There are 2 protein chains.
Amino acid sequence: MRADDQQWETSVERPDGTRRRATIHDVAKLAGVSRQTVSRAVNDKGEIDPATKERVLEAARLLDYRPSRFARGMVQKGAVTAGLVIPDLMNPFFPEVAAGVLEAAEQRGWQVVMWDSRIDEARERDALDVLSHQADAIIGYFKSPDEVLARHLGGVPLVLLERGPQQTRFAAVGIDAAAGLEQGMAHLVGAGHRRIGMLDGVHGPGPRRQAFLEEARRNGLPVDDSWIALCAEHSVAGGEAGMERLLDTRPDITAVFGFNDLIAVGAMRTARRRGRRVPDDLAVLGFDGLSLGELVEPALTTLHIDKRRLGRLAVEQVARLRAGEEPLRGADAWLAPELVVRTSA
Amino acid sequence: MRADDQQWETSVERPDGTRRRATIHDVAKLAGVSRQTVSRAVNDKGEIDPATKERVLEAARLLDYRPSRFARGMVQKGAVTAGLVIPDLMNPFFPEVAAGVLEAAEQRGWQVVMWDSRIDEARERDALDVLSHQADAIIGYFKSPDEVLARHLGGVPLVLLERGPQQTRFAAVGIDAAAGLEQGMAHLVGAGHRRIGMLDGVHGPGPRRQAFLEEARRNGLPVDDSWIALCAEHSVAGGEAGMERLLDTRPDITAVFGFNDLIAVGAMRTARRRGRRVPDDLAVLGFDGLSLGELVEPALTTLHIDKRRLGRLAVEQVARLRAGEEPLRGADAWLAPELVVRTSA
DNA sequence: TTGTATGCGTTATCAT
DNA sequence: ATGATAACGCATACAA
């Protein structure tokens with residue numbers, strides 16, 4: 001068989017002269033058999049004469065026949081497709097979550113169709129509009145509030161990534177920012193830091209900032225919003241820019257906590273460019289545990305998250321929803337970060 | 001509307017007591033209208049009394065009715081699904097290609113279902129077996145030879161990523177390794193290097209090694225296979241291990257070319273651990289142009305590839321195939337890397 | 001505004 | 001070993 005044969009579409013002429021894809025009927029006619037026999041040949045079932053099978057297959061090849069996945073799906077149940085909505089494929093965090101989703105989905109024999117929302121609420125809704133028609137369940141990161149989600153969901157089960165139970169009534173899997181920051185702040189305070197700033201993400205006040213402020217308070221640190229700078233992007237560049245501003249308003253900080261590792265790395269770069277040694281003059285703590293953190297210099301101390309597991313867990317939640325079971329809530333759906341001490345703090 | 005209502009499956013009881021998903025028929029019965037009216041209500045068409053519409057929608061909610069995507073697909077043509085097979089989501093190169101594919105697919109209104117083959121030929125075939133049933137076309141990285149691909153493809157159009165025209169008869173988009181290495185080697189030779197090694201990838205001899213050897217020859221360098229070490233993984237760790245071996249067998253090299261940026265970064269780390277300064281004692285050249293390369297120290301000089309464009313191009317090839325046109329061949333489907341000089345070489 | 005009839009492409013069941 | 005027939009769930013043209 002020449003591969004070329006596969007490449008260009010042969011098709012069947014309609015009475016009106018236009019062309020359409022060949023169906024099982026066309027193949028049956030050409031091979032001079034019934035549709036059922038074609039089905040047997042194509043699907044490699046037994047109960048068919050090898051000679052006729054060959055003849056049918058030849059006809060199928062001639063017409064470039066491919067079974068319609070829709071017609072198949074109609075009659076054979078059980079094909080499950082999950083939609084996965086990711087905010088930013090360029091941030092190494094998300095491909096790793098996606099890998100976990102793919103892995104768990106594959107084990108269950110599910111397919112997953114992917115959508116990059118690029119941190120845009122309009123694109124988020126587009127994703128839901130499309131996927132609610134094409135998927136049996138949706139997993140993803142969404143900024144939109146519950147009502148908006150519900151409106152674009154059309155009743156399709158949804159599992160939210162990284163939303164607290166107080167923030168949504170949908171099923172969710174998340175990260176225990178409070179548990180993470182308890183470790184992280186203890187580490188910084190234990191090293192003698194009292195003036196600690198934060199580089200927050202684009203969405204502004206969220207669980208990570210809240211946990212940061214909470215721990216600062218618990219540790220008796222002099223922290224208010226002036227110790228926090230917003231980053232316009234969840235990227236190294238965003239962290240660099242944010243750190244510029246933070247150092248302008250609070251030049252006296254001795255440590256900084258980054259919303260994520262990318263931002264933290266940006267912070268380190270700006271700090272060093274402005275003549276501060278890391279960690280001696282300024283300690284930097286990240287959040288995520290990207291492998292990137294091991295490669296920079298100094299290596300990034302960070303609150304590590306098991307991103308693959310997060311993805312697998314999301315698939316498990318979908319399975320529960322589909323089975324009519326209660327989704328996991330609380331600690332079971334709530335991953336605690338683990339402090340990984342390297343050299344930046 | 002409470003979001004909770006959406007979460008757990010209501011269903012319809014069969015005569016035999018088992019449960020099945022509600023169909024448009026069930027909704028029609030419950031609402032006391034025809035199926036057509038249900039269709040109008042659910043799909044938000046006009047020509048329906050607001051009161052009956054509300055009644056129908058309520059019935060649909062009660063039964064947790066969702067239209068079957070298969071039945072829909074049967075009757076409305078035009079839904080296109082592409083399969084995307086990626087070898088390793090943990091390598092930042094591939095998410096970026098995927099982003100390009102997603103972007104271009106979305107513009108065309110296509111969906112893409114993703115599969116991570118984890119560099120495993122058996123999983124590669126599994127991917128084809130599944131996707132050839134569920135997708136209208138497949139894009140991806142495959143190690144298997146044409147015959148194997150064709151056997152598992154069942155006639156579905158395929159666009160290969162990074163395979164030379166001499167290596168496949170399928171449509172493909174690729175990278176012009178020769179053009180890249182011409183620039184790269186000229187840069188190294190221009191800096192006075194004569195003893196240049198290479199850290200090759202897991203698959204062994206391929207276009208990048210071939211181009212490397214070719215350029216070495218053109219520049220009159222003393223290079224044979226002893227100047228090349230294989231890396232067991234396309235990762236930083238793989239590069240570190242490979243570099244150990246290369247420095248053992250060829251301690252006299254003054255420069256090294258890495259199969260990709262991850263391996264090159266690993267090479268830098270091993271070189272420095274063994275007391276060589278980069279780039280003074282040993283220059284390092286990468287291939288891919290990951291943003292990671294800007295973050296390490298020294299920053300990685302590399303042959304940069306427009307990975308997003310690669311992905312978009314692959315989708316364009318699929319479109320051509322589907323339209324019955326000739327796929328792009330040669331330079332148009334063949335991206336040339338661009339030398340980005342930073343500080344590692 | 002609403003209902004009836006038909007077809008979409010496939011597989012399963014049951015016959016021959 | 002092969003064929004006839006009946007679903008599968010939906011949307012669309014057309015009739016009322």
Side-chain angles (χ1 to χ4, degrees), chain A residues 11-12 14-16 18 20-57 59-60 63-79 81 132-134 136 154-155, chain B residues 11-12 14-16 18 20-57 59-60 63-79 81 132-134 136 154-155:
Chain A
S11 48
V12 172
R14 287 211 188 79
D16 64 3
T18 62
R20 48 160 251 265
R21 254 194 42 193
T23 73
I24 197 172
H25 182 80
D26 303 313
V27 178
K29 213 166 45 178
L30 181 58
V33 297
S34 73
R35 293 173 306 177
Q36 179 57 255
T37 300
V38 174
S39 178
R40 279 190 274 252
V42 168
N43 297 328
D44 223 19
K45 307 259 181 187
E47 306 190 332
I48 183 172
D49 186 298
T52 55
K53 175 171 175 177
E54 194 39 61
R55 189 155 41 92
V56 169
L57 257 26
L63 295 174
D64 188 36
Y65 165 70
R66 269 167 288 142
S68 148
R69 68 173 183 279
F70 296 117
R72 266 215 175 121
M74 285 234 44
V75 66
Q76 318 172 308
K77 310 297 176 184
T81 298
S132 64
H133 284 342
Q134 305 296 343
D136 303 298
Chain B
S11 48
V12 171
R14 288 212 188 79
D16 62 3
T18 61
R20 46 159 253 263
R21 251 186 55 186
T23 73
I24 197 172
H25 182 78
D26 303 313
V27 178
K29 213 165 45 179
L30 181 58
V33 298
S34 73
R35 294 176 305 177
Q36 170 64 313
T37 301
V38 176
S39 179
R40 280 190 273 251
V42 168
N43 297 331
D44 223 18
K45 308 261 181 186
E47 306 189 332
I48 183 173
D49 185 299
T52 55
K53 176 170 176 179
E54 194 38 61
R55 190 155 40 92
V56 169
L57 256 26
L63 296 174
D64 188 36
Y65 165 70
R66 269 166 287 142
S68 148
R69 67 171 182 281
F70 297 117
R72 266 218 173 117
M74 285 232 48
V75 65
Q76 317 172 306
K77 309 297 178 184
T81 298
S132 63
H133 284 343
Q134 306 295 345
D136 303 298

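Every chain is numbered from 1 and lettered A, B, ... according to where its sequence line falls, protein lines coming before strand lines. Atoms considered below: every heavy atom in the structure, side chains included; atoms not considered: hydrogens, waters and symmetry mates. From a predicted model like this one, the values you see are computed outputs, not experimental measurements.
Among residues two or more places apart in sequence or in another chain, the side chain to side chain donor-acceptor pair (under 3.5 Å) test is passed with A/Ser68 by none. With sequence neighbours left out, the salt bridge (charged side-chain N to carboxylate O under 4.0 Å, His left out) criterion links B/Arg35 to no other residue. Remark: B/Lys53 engages B/Asp44 in a side chain to side chain donor-acceptor pair (under 3.5 Å) (not counting sequence neighbours). Every residue two or more places apart in sequence or in another chain was checked for a salt bridge (charged side-chain N to carboxylate O under 4.0 Å, His left out) with A/Arg55, and none qualifies. In this structure, the side-chain contact (heavy atoms from CB on, under 4.5 Å) partners of A/Gln76, at least two apart in sequence or on a different chain, are A/Arg72. For A/Ala79, the side-chain contact (heavy atoms from CB on, under 4.5 Å) partners two or more places apart in sequence, or in a different chain, are B/Phe70. Every side chain to side chain donor-acceptor pair (under 3.5 Å) that A/Thr81 has, sequence neighbours left out, goes to B/Arg69. With sequence neighbours left out, the side chain to side chain donor-acceptor pair (under 3.5 Å) criterion links A/Arg40 to no other residue.
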For nucleotides 9-16 of chain C, just jot down a letter per nucleotide in 5' to 3' order: B, S or -, based on protein non-hydrogen atoms under 4.0 Å. BBBBB---
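At its two ends the helix from C/dT1-D/dA16 to C/dT16-D/dA1 runs along axes set 30° apart, each axis drawn from five pairs and the angle rounded to 10°.
Contact annotation: B/Thr37 reaches the phosphate of C/dG3 (side-chain N/O to OP1 or OP2, under 4.0 Å). For B/Thr52 and C/dT2, the shortest distance from a side-chain N or O to OP1 or OP2 is below 4.0 Å.
The two residues B/Ile24 and B/Tyr65 come nearest to each other via the heavy atoms N-CE1, 3.3 Å. Across all their heavy atoms, B/Val27 and B/Val56 have their closest contact at CG1-O, 3.9 Å.
Taking the 5' to 3' direction, DNA chain D first and last meets chain A under 4.0 angstrom from a heavy atom at D/dA1 to D/dG9.
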